[in-house]
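Order of the sequence lines sets the chain letters (A, B, ...), proteins ahead of strands, with each chain counted from 1.
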2 protein chains.
Amino acid sequence: MLRMSKMTDYGIVLLTELARAGSETRTARELAAGTGVPLPSVSKVLKGLQGAGLLVSHRGASGGYGLSRPAEHIPLTEIISALEGPVSLTECGAQGGHAPTGTCELETVCRVRGHWRVINRTIQDALGRLTLADLCAPVPRLVGLGVPARPAAPAQNPNPIPTTAGGAHS
Amino acid sequence: MLRMSKMTDYGIVLLTELARAGSETRTARELAAGTGVPLPSVSKVLKGLQGAGLLVSHRGASGGYGLSRPAEHIPLTEIISALEGPVSLTECGAQGGHAPTGTCELETVCRVRGHWRVINRTIQDALGRLTLADLCAPVPRLVGLGVPARPAAPAQNPNPIPTTAGGAHS
DNA sequence: TTTAATGCGGACCAACTTAGTCCTGTTTAA
DNA sequence: TTAAACAGGACTAAGTTGGTCCGCATTAAA
């Protein structure tokens, strides 16, 4: 499935809500009400985003959270990696030092490893080119994602087999 | 972390090993010995790949597994989705029907959803452009991944903050 | 000065997922 | 007939995740 954790999903929803508030701050309570995310989880996610430097917080009465910089300057990769570590499909290729060489017991025989670095960078590039501001735009009219503007065809994929094993998982 | 499951990782390692064998078949036992992956797991993964149509199996004595088609015609997306469902960062955008509309309780308020479709397709494109044959090539000299050849800079990312929350997760 | 609202930093738990093991068929070449 | 190999389960242990809760520190306003 290759999915993000729910918390990261929450984080993105909360950030877009916050971006819509412009320079005003919002309390965790307000954001919970506005998005439908349960308050304790909102709290936890916001704390994480604050720790990563994406949000600034004001404590005390009439406190709240605000973006630390304009939404245009917050790339999607940074949001994701703030909440669940470096964007990487495999442990071994993670640049953050998650697998400090030696963790993967197959390392000596693994002939695939070098390729993951490239693949991971590709995904990071695609995700990093998208900012929080893009996610706030009303209609998904995203360009410059690194994929040539092109119809729905699977591009240079010359095999006629329907991608994704068809019914196996549906 | 955004990672694949270990089983999928195994699957890819096993498939490359199998691709190296050309048109010969290999037994689960041989593959386990050749890759270092524990035999029961090898068995499980191969069964999955067989069910998805990526492998053909021959039962009985001197049986074994072989690729169902040339490695050049097996895109990476198909391998991944065979072992862990459709390639998608979120449940709600998954094309396989995993979340049959209504699963996500935030659906009515979620303003981000439309964007995920685009993001997911981007990643699918990048991954689908790569085949098993590419993964077998000795050196990662991969082109045409959909990302314009470009230096290591994170592209249009003008913020000075070190991506990935720095020490928080390392 | 007091009060109440708010974020901070944890500990904690239940549920789910994952990786791994094992067992009993069935098939098939020798 | 035999043994090697795949097929298809059930099962378990460990880890992760999502979610809850609590007491504390901070601060604006009454």
Side-chain angles (χ1 to χ4, degrees), chain A residues 1-11 13-14 18 24-33 35-66 68 80 83-85 90-91 98 103-106 168-169, chain B residues 1-11 13-14 18 24-33 35-66 68 80 83-85 90-91 98 103-106 168-169:
Chain A
M1 172 65 95
L2 200 66
R3 75 185 188 293
M4 300 182 315
S5 78
K6 213 167 182 180
M7 287 300 172
T8 305
D9 202 350
Y10 285 170
V13 170
L14 293 172
L18 214 34
E24 297 175 31
T25 67
R26 286 284 161 87
T27 69
R29 210 166 300 266
E30 287 171 333
L31 290 170
T35 59
V37 177
L39 176 58
S41 296
V42 170
S43 226
K44 181 182 277 191
V45 171
L46 292 180
K47 279 182 234 174
L49 292 172
Q50 195 273 340
L54 289 174
L55 297 180
V56 288
S57 64
H58 302 283
R59 305 175 68 166
S62 81
Y65 291 95
S68 66
I80 295 179
L83 289 171
E84 56 185 308
T90 53
E91 300 271 349
H98 246 273
T103 300
C104 175
E105 67 281 1
L106 304 182
H169 281 276
Chain B
M1 171 66 94
L2 201 69
R3 75 185 188 291
M4 299 182 316
S5 78
K6 213 168 183 178
M7 287 300 173
T8 305
D9 203 350
Y10 286 169
V13 170
L14 293 171
L18 214 34
E24 296 174 31
T25 67
R26 287 284 161 86
T27 69
R29 211 167 299 265
E30 288 171 332
L31 290 171
T35 60
V37 178
L39 176 57
S41 295
V42 170
S43 228
K44 182 182 278 192
V45 171
L46 292 179
K47 279 181 232 174
L49 292 172
Q50 195 273 341
L54 290 174
L55 298 180
V56 287
S57 63
H58 302 282
R59 305 175 67 163
S62 82
Y65 291 95
S68 66
I80 295 179
L83 290 172
E84 55 185 308
T90 52
E91 300 271 349
H98 246 273
T103 300
C104 176
E105 66 282 359
L106 304 182
H169 282 278

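Atoms CE and CG, from B:Met7 and B:Leu14 in turn, are 10.0 Å apart once rounded to the nearest 0.5 Å. Remark: B:Glu30 CD to B:Thr25 OG1 distance equals 7.5 Å, nearest 0.5 Å. Atom CZ of B:Arg3 sits about 9.5 Å away from atom CZ of A:Arg3, to the nearest 0.5 Å. In this structure, the separation between CG on A:Leu83 and OH on A:Tyr10 is 13.0 Å, given to the nearest 0.5 Å.
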Polar atom pairs (N or O), protein with nucleotides 5-9 of chain C, under 3.5 Å:
{"residue": "C:dA5", "atom": "N3", "partner": "A:Ala61", "partner atom": "N", "Å": "3.4"}
{"residue": "C:dG7", "atom": "OP1", "partner": "A:Ala28", "partner atom": "N", "Å": "3.0"}
{"residue": "C:dG7", "atom": "N2", "partner": "A:Arg59", "partner atom": "NH2", "Å": "3.2"}
{"residue": "C:dC8", "atom": "OP1", "partner": "A:Ser57", "partner atom": "OG", "Å": "2.7"}
{"residue": "C:dC8", "atom": "OP2", "partner": "A:Tyr65", "partner atom": "OH", "Å": "2.5"}
{"residue": "C:dG9", "atom": "N7", "partner": "A:Lys47", "partner atom": "NZ", "Å": "2.7"}

Produce the list of close N/O pairs, under 3.5 Å, pairing protein atoms with atoms of nucleotides 10-18 of chain D; give distances to one decimal.
{"residue": "D:dG18", "atom": "OP1", "partner": "A:Lys6", "partner atom": "N", "Å": "2.5"}

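Among the candidates B:Val37, B:Thr27, B:Val13, the single residue satisfying the side chain to side chain contact (heavy atoms under 4.5 Å, CB included) test with B:Val42 is B:Val37.
Shortest non-hydrogen contact noted between A:Leu55 and A:Tyr65 is CD1-CD2, 4.1 Å. The shortest heavy-atom contact between A:Leu2 and B:Met4 is CD1-CG, 3.7 Å.
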